[in-house]
J.: 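Have a look at this one.
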2 protein chains.
Amino acid sequence: MYSLTSMTIEPRLDIIGAALADPSRSRILCELMDGRAFTNKELACAACISPQTASAHLKQLEGAGLTASLRSGRHVYHRIANADVAAILEGLAQLSPTDHLSRPGRPDANTSCARSCYNHIAGRLGVLMTDRLIARNVLTVRNDAIRAGPRYQTFLDEIRIEVPLGGTGKPLAMLCLDWTERRHHISGPLATAIMQKFLEAKWLERRTGSRALIVTEDGFDALERRFCLHRQDIDLADPV
Amino acid sequence: MYSLTSMTIEPRLDIIGAALADPSRSRILCELMDGRAFTNKELACAACISPQTASAHLKQLEGAGLTASLRSGRHVYHRIANADVAAILEGLAQLSPTDHLSRPGRPDANTSCARSCYNHIAGRLGVLMTDRLIARNVLTVRNDAIRAGPRYQTFLDEIRIEVPLGGTGKPLAMLCLDWTERRHHISGPLATAIMQKFLEAKWLERRTGSRALIVTEDGFDALERRFCLHRQDIDLADPV
DNA sequence: CGAACACTTCGGCAGTGACCGAATTTAGAT
DNA sequence: ATCTAAATTCGGTCACTGCCGAAGTGTTCG
């Protein structure tokens, strides 16, 4: 007995695979991995291809559900579709240079410390902050759903952020799997607002051309005061 | 200023992508996803291609680090390379049918309840068992490393399994990310031994042509006694 | 040893897709 | 209205790759 039309639907890995299978598209995705949106031309430049070719690639990526686009005037901004896609791409990136010298345990001290994933903080810092938010009752976990805890509003007031409140059904934060730390950090509106605040307050700075986030001196202060996170916990192996 | 040789190494997503980009290879990988090893011919049959073509595909998959092969006489057995690869493929499979009717919350009651991932138990049952093992001090978690807890040996004796003890450096279990539950379950030698025990004792049965694992009546008994896991916790929505 | 079998390599065919030049559409700037 | 610039569509070229038939290598069994 052998039937192709069994109850289990065969996942079409080849469809996603085909979307990833081109070097130019790979470069485009890497460029988008920090969560920012870029125009066709910028991405074409980054991938060293003509705008026409980039357009075709972006069409394909969007068709596969990996990216989303937004018109703004005569520009079209492209970004990673959602946090799930970002997390999967992170996992794939972790896996891709198998034959290189990257050891599975300690991938890259710089990016594993703190980096942006889609539009929130990932890496060691992201995981530690998530732990703290839960430990201090800002967030509570119940059946793997994240809800506001008793000290949620206090926290928002303290660091002065506002979280765009969607519909009542929309959760303000979700768990996102971190492939370098092999643990969870939060994503969603709250996580996005937190990262924006950190960038605006210059607690974090983007490293140019990379997804690595640099913690500034003010940033270490803030993390100590707001999150009880000590410098040595965050900065395991300071590369400076 | 524009340099391709920046400090950050661009992950070559296209290399993994190219390995996944073919329907036949996708089918082969899906066939291997339950952790068992199959011969060239078996996989050729499963993917509806000739043995020569399958051979070429398997060479490519192995070159990309997705599978590993083992000679045994005149047979060559192919399997998924490691638990990391299996977890990533699960994630991709979760992402692949974006335009289909699979909802992110409840993917498929059948496979989300219990299924094999690489060579250990995943899905809801895998997560619950992992929780229990930690809660009952069979395993302890310290800095994301899993170690034997006070009741570790007691547990092994109780359910009568032996875990092949590798070098002292090799951990007996690791955390593996579960994409359907969005939480951790354990992988590694201990997890493999546990699943083998469950299959041998007929507590679990493989569903033919699928990675779904069916909990038998004896299985529910054993889970109740050994793990204090109640039937209704495991079987959220019984499809029977 | 020789037959049978699993697997691999080689060669040619056919389909696919990445690429860019040229032309078109659309929106903002003068 | 006209010019400029971003994005897209079209058409044709070129390289790659999946596929199988045929032949070659290595192992098992009689």
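Numbers restart at 1 for each chain; the letters A, B, ... are given by sequence-line order, proteins then strands.
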J.: Quick one, A:Ser69 with A:Glu62, criterion side-chain hydrogen bond (donor to acceptor under 3.5 Å, both in side chains). Give me CA distance, side-chain angles, the key distance, then yes/no.
T.: CA-CA 8 Å; A:Ser69 62; A:Glu62 189 165 354; 3.0 Å; yes

J.: Taking only N/O atoms, report every protein-nucleotides 11-18 of chain C pair under 3.5 Å with atom names and distance.
T.:
residue	atom	partner	partner atom	Å
C:dA18	OP1	A:Arg25	NH1	3.1
C:dA18	OP1	A:Arg25	NH2	2.7
C:dA18	OP2	A:Gln60	OE1	3.4

J.: Quickly, which of A:Leu29, A:Asn40, A:Ile49 forms a side-chain contact (heavy atoms from CB on, under 4.5 Å) with A:His57? Name it, please.
T.: A:Ile49

J.: Would you call A:Arg115 and A:Asp178 a salt bridge, using N to O less than 4.0 angstrom?
T.: yes

J.: For DNA chain D, what residues of residues 28-37 of chain A have any heavy atom nearer than 4.0 Å?
T.: none

J.: Expressed in angstrom and rounded to an integer, what is the separation of A:Asn40 atom CG from C:dT25 atom P?
T.: 19 Å

J.: Output the rounded distance in Å from CD (B:Gln52) to C1' (D:dC20).
T.: 6 Å

J.: Output, in order, the C-alpha distance, side-chain angles, deciding distance and verdict of side-chain contact (heavy atoms from CB on, under 4.5 Å) for B:Leu43 and B:Glu31.
T.: CA-CA 7 Å; B:Leu43 294 171; B:Glu31 197 70 18; 4.0 Å; yes

J.: Which nucleotide sits closest to the side chain of B:Ser50: D:dA7, C:dT8, D:dC20?
T.: D:dC20

J.: How long is the line joining CD1 of B:Ile15 and P of D:dT17, in whole Å?
T.: 12 Å

J.: Which atom pair, heavy atoms only, marks the closest approach of B:Gly123 to B:Thr180?
T.: CA-OG1, 4.2 Å

J.: If you look at every heavy atom in A:Ser116 and A:Arg206, which pair is closest and at what distance?
T.: OG-NH1, 3.6 Å

J.: Note the angle between the end axes of the helix from C:dC1-D:dG30 to C:dT30-D:dA1, five pairs defining each, rounded to 10 degrees.
T.: 30°

J.: Nearest whole Å is fine: how far is C:dC7 C1' from B:Arg71 CZ?
T.: 7 Å

J.: At less than 4.0 Å, is any side-chain N or O atom of A:Lys59 found next to OP1 or OP2 of D:dT9? Yes or no.
T.: yes

J.: To the nearest Å, how far apart are A:His75 NE2 and C:dG28 C1'?
T.: 9 Å

J.: Nearest to the side chain of A:Lys41 - C:dC7, D:dA6, D:dA22?
T.: D:dA6

J.: Of A:Ser55 and B:Ile49, whose closest DNA chain D nucleotide lies nearer the 5' terminus?
T.: A:Ser55

J.: Report the distance from atom CG of A:Leu43 to atom P of D:dA6, rounded to the nearest whole Å.
T.: 14 Å

J.: Give the ring-plane orientation class for B:Phe198 versus B:Trp203, where under 30° counts as parallel, over 60° as perpendicular and anything between as tilted.
T.: perpendicular

J.: Give the minimum heavy-atom separation between A:Val85 and A:Leu66, together with the two atoms involved.
T.: CG1-O, 3.6 Å

J.: Of all the heavy-atom pairs spanning A:Glu90 and A:Cys117, show the shortest one and how long it is.
T.: OE2-CB, 3.8 Å

J.: For B:Leu58 and C:dT8, what is the distance between atoms CG and C1' respectively, to the nearest whole Å?
T.: 12 Å

J.: Could you pull out the closest heavy-atom pair between A:Arg27 and A:Ala46, with the gap in Å?
T.: CD-O, 4.3 Å

J.: Has the side chain of B:Arg74 got a donor or acceptor atom sitting under 3.5 Å from an opposite partner on the base of C:dC5?
T.: yes

J.: Any carboxylate oxygen within less than 4.0 angstrom of a Lys/Arg side-chain nitrogen, looking at B:Asp84 and A:Arg182?
T.: yes

J.: Using every non-hydrogen atom in the two residues, find where B:Pro11 and A:Ser26 come nearest and quote the distance to one decimal.
T.: O-OG, 3.3 Å

